[in-house]
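Take a look at the structure set out below.
Positions are given from 1, in the same order as the sequence printed here. None of these values were measured; they are calculated from a predicted model.
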Amino acid sequence: MSESDGKRPVWLGFGRRKQRQEREREQTSAQIIGKPRRQKFWEDTGRVLKQAASIAMDTAIQNKSVVIELAYMGCSLLGSFLILRWALTRNDTSLRAKTRAQKKEIAKRYGRKIELENEFEQMVAREITNPDNIDCTLSDIGGLDDIIEDLQRNVITPMLQPKHFRTSLLRQKRGVLLYGPPGTGKTMLAKALAKESHACFIVIKASTILSKWYGETNKMISAIWTLAYKLQPTILFIDEVDALLGSRNSSEHEATTAMKTEFMQLWEGFETDPESNVVVLGATNKKYSLDDAVLRRFSLQYEVGLPSLAQREEILRSILKKYSMEDGAHGIDSDLLDSIYADAIASNDDAKNNARNNRNRKPHPLRDIAEKTEGFSGSDLKELASQAASIPVHKYLSEAHSLALANGGLTNGSSGNVNAALLQQGPDPLAKVHFEQVLEHMVPPSRAAQMATARKNSNGGRQASREALMMSLEPLIDSLARNT
C-alpha cells in the first residue's frame with residue numbers, strides 16, 4: 001500500500017474542521033440573535049393591542065349615544081316581536097272560537113250538524129235558508145194551478161220520495177226554469193217550492209261567487225255543489241239567471257267563461273252523481289239571453305205570464321184571505337168578504353156570459369176589481385191591495401188627530417184624550433170603494449200594467465168624446481125628425 005493510501009493529507013482534514021466550526025458559530029449566533037427578536041415581536045404585538053384597546057375605549061366614550069340608541073333599537077325590536085307573536089296567537093285563538101261558534105249556529109239553524117271543510121263552504125253556508133223558516137206555501141199562490149200541479153209531480157214528489165226515482169227513466173229533474181214578465185210570482189213560487197219539498201234553499205248571488213282573485217270563483221262554485229250534496233235535498237236558486245249564465249261570447253272575460261263552464265260541469269257533467277237530489281231553479285224575464293248549454297240543462301221550463309181575469313181574481317182572493325186572517329174578519333167589508341170566500345170562480349166563458357147579463361147578475365166586488373186591473377201582475381195587485389187597505393187606516397188616524405185637537409188634548413206631540421167610542425170602533429173595513437179610489441190615480445209599477453192602463457184611458461177618452469158628440473147632435477136630429 002502506498003503512502004498516499006495510508007494517510008490522508010493534512011490540509012483536507014483542516015478544511016472540514018474549519019467548515020464545521022463555522023457552522024457551529026453560525027448556529028450559536030442565530031440562537032443568540034433569535035431570542036431578542038421573539039421578545040421584540042411580542043412586545044410590539046402587546047403594544048399594538050394596547051393601542052387598539054385604547055382607541056376602542058376612546059371611540060366608545062365618544063360615541064356613547066350611538067351605543068345607547070343601538071341598544072334601545074334592539075330592545076324595541078325584541079318587544080315588537082313578542083307583542084306581534086302574542087297578537088297572532090290570540091287572533092288565531094279567537095278565529096278558531098269564531099269558527100266553532102259559526103258551526104254551532106249553522107247546525108242550530110238547519111237542525112243538523114254540518115261539516116264545513118274550507119273557508120269557501122263557510123261563505124256559502126251563510127246563504128242557506130232552512131225550509132222551516134220559509135213562510136210561503138203553494139196555497140198562498142193564486143192563478144198558477146197548472147204550473148203548481150206539474151211541479152208537484154216532477155219536483156216535489158221526487159224530493160220527498162227519492163227511493164222511487166232511481167231508474168233510468170224515473171229520476172229527479174236537474175233544472176227548472178221559470179220565465180216571464182217581472183212581478184208575476186216567480187221568486188215566490190221558488191220559495192214555496194222549497195217549503196213544500198222540505199229542501200234547503202241556497203240563493204246563488206254574484207256577490208257570493210265572484211272574486212277579484214283569479215281562480216277563487218271556481219273554488220266558490222265547487223264549494224256550492226259540495227255543500228249542496230251534503231244538505232240534499234237542496235234547491236240552488238238563481239234569480240235573474242241570465243246575469244250569471246248568459247250566452248258565452250268572445251268579448252267577455254276568460255274568468256267569466258271559466259265560471260260558467262265550471263258551474264255547468266258540476267251541474268251535469270262527467271262527475272255528476274245521477275242519484276243526487278239537487279235541483280237548480282232559475283228565474284228570469286230574458287229567457288233567450290241564456291246560453292244554449294244552460295237552456296239544455298233546464299229540462300223543465302214554465303212560462304209565468306201575466307194573469308188572466310180569472311187568475312187576477314184568484315190572486316186578489318189569496319191576498320185578501322191572508323189579510324183577513326191577520327187583521328180579523330171585521331177588517332174587510334161583508335160583501336167583499338163573501339166574495340173572497342166564494343166557492344169556485346167562474347171560467348172565462350162564464351164571465352163573458354155574465355157580462356152580457358150584467359143587470360141580472362149578483363154583485364161580485366172581487367170580480368169587478370179584477371176586471372178593472374187588466375195587465376196587472378201579481379206584484380201590482382198586491383201593491384193595489386196595500387194602498388187600498390191604507391186608506392181607512394189613514395182616515396181613522398186623521399179623524400182621531402182632529403178630535404184630539406178639538407178637545408184640547410194635544411200637548412207636546414202627544415195625542416191626548418181621544419173619544420173612547422172612536423177608539424173602540426177602529427178604522428172602517430176595507431171595501432171595494434177603496435180599491436176604486438186607488439185605481440183612479442195609481443200608476444202600476446210594471447210596464448205591462450202601465451201600457452194596459454194607458455190603452456184603457458185612451459179608449460175611455462174616445463168613448464167619452466163620442467158620447468159628447470152624440471149628445472150635441474141630439475137637438476139637430478130631433479129638429480130634423482120633426483120637420484120630416
Side-chain angles (χ1 to χ4, degrees), residues 124 144 146-159 162 165-182 184 186-187 189-190 193-194 197 199 201-206 208-210 217-229 232-305:
V124 175
L144 298 177
D146 295 339
I147 297 177
I148 290 174
E149 182 181 356
D150 203 70
L151 289 174
Q152 286 272 11
R153 181 175 63 254
N154 292 318
V155 178
I156 296 178
T157 302
M159 278 193 168
F165 295 85
R166 290 288 185 265
T167 63
S168 59
L169 293 179
L170 293 177
R171 290 190 183 277
Q172 174 63 273
K173 305 300 181 181
R174 305 292 298 174
V176 180
L177 179 64
L178 305 175
Y179 65 95
T184 52
K186 297 183 292 295
T187 303
L189 183 59
L193 192 62
S197 60
F201 199 66
I202 303 179
V203 181
I204 301 177
K205 298 181 293 187
T208 304
I209 64 175
L210 297 181
T217 299
N218 293 25
K219 294 181 181 178
M220 188 67 68
I221 292 175
S222 178
I224 289 174
W225 283 95
T226 56
L227 193 59
Y229 287 137
Q232 56 183 321
T234 309
I235 293 178
L236 302 179
F237 179 63
I238 310 176
D239 199 6
E240 304 299 338
V241 64
D242 56 284
L244 284 179
L245 301 177
S247 299
R248 291 171 289 181
N249 51 63
S250 58
S251 62
E252 68 180 9
H253 195 272
E254 60 179 358
T256 306
T257 305
M259 179 267 294
K260 297 176 183 178
T261 305
E262 180 81 13
F263 191 89
M264 287 188 289
Q265 287 176 349
L266 295 174
W267 183 359
E268 189 174 351
F270 184 77
E271 297 181 354
T272 303
D273 184 8
E275 297 184 356
S276 61
N277 205 355
V278 179
V279 178
V280 179
L281 181 60
T284 180
N285 48 35
K286 297 180 180 180
K287 172 186 176 182
Y288 297 102
S289 297
L290 293 173
D291 191 83
D292 293 340
V294 175
L295 271 177
R296 198 270 301 171
R297 285 169 170 80
F298 282 120
S299 55
L300 296 178
Q301 299 181 12
Y302 301 99
E303 181 180 4
V304 186

CD1 on Ile202 to OG1 on Thr234, rounded to 0.5 Å: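 Result: 5.5 Å between the selected atoms.
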Rounded at 0.5 Å granularity, tell me how far CG in Leu300 sits from CZ in Arg153.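 So the gap between those two atoms works out to 9.5 Å.
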Heavy atoms, side chains only, cut-off 4.5 Å: are [X] and [Y] in contact?
X      : Y      : answer
Arg297 : Met264 : yes
Trp267 : Val294 : yes
Val279 : Val176 : yes
Arg171 : Glu275 : yes
Ile224 : Thr208 : no
Gln172 : Ser276 : no
Asp242 : Glu240 : yes
Met220 : Thr217 : no

Can you find a side-chain donor-acceptor pair between Glu252 and Thr257 that sits under 3.5 Å? yes
Got more than 12 heavy atoms from elsewhere within 6.0 Å of NZ, Lys287?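 Yes, the 6.0 Å shell around NZ holds more than 12 heavy atoms from other groups.
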Heavy atoms of other groups near Glu149 CD, more than 12 under 6.0 Å: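 Open: at most 12 neighbouring heavy atoms sit under 6.0 Å from CD of Glu149.
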Atom of Lys260, atom of Ser247 and distance for their closest heavy-atom approach: NZ-O, 3.6 Å
Please name the pair of heavy atoms, one in Ala190 and one in Leu281, separated by the smallest distance, quoted to 0.1 Å.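 Heavy atoms only, the tightest pair is CB-CD2, 3.2 Å.
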Between Trp225 and Tyr229, how do the two ring planes meet: parallel, tilted or perpendicular, split at 30° and 60°?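 Aromatic pair Trp225/Tyr229 classed tilted.
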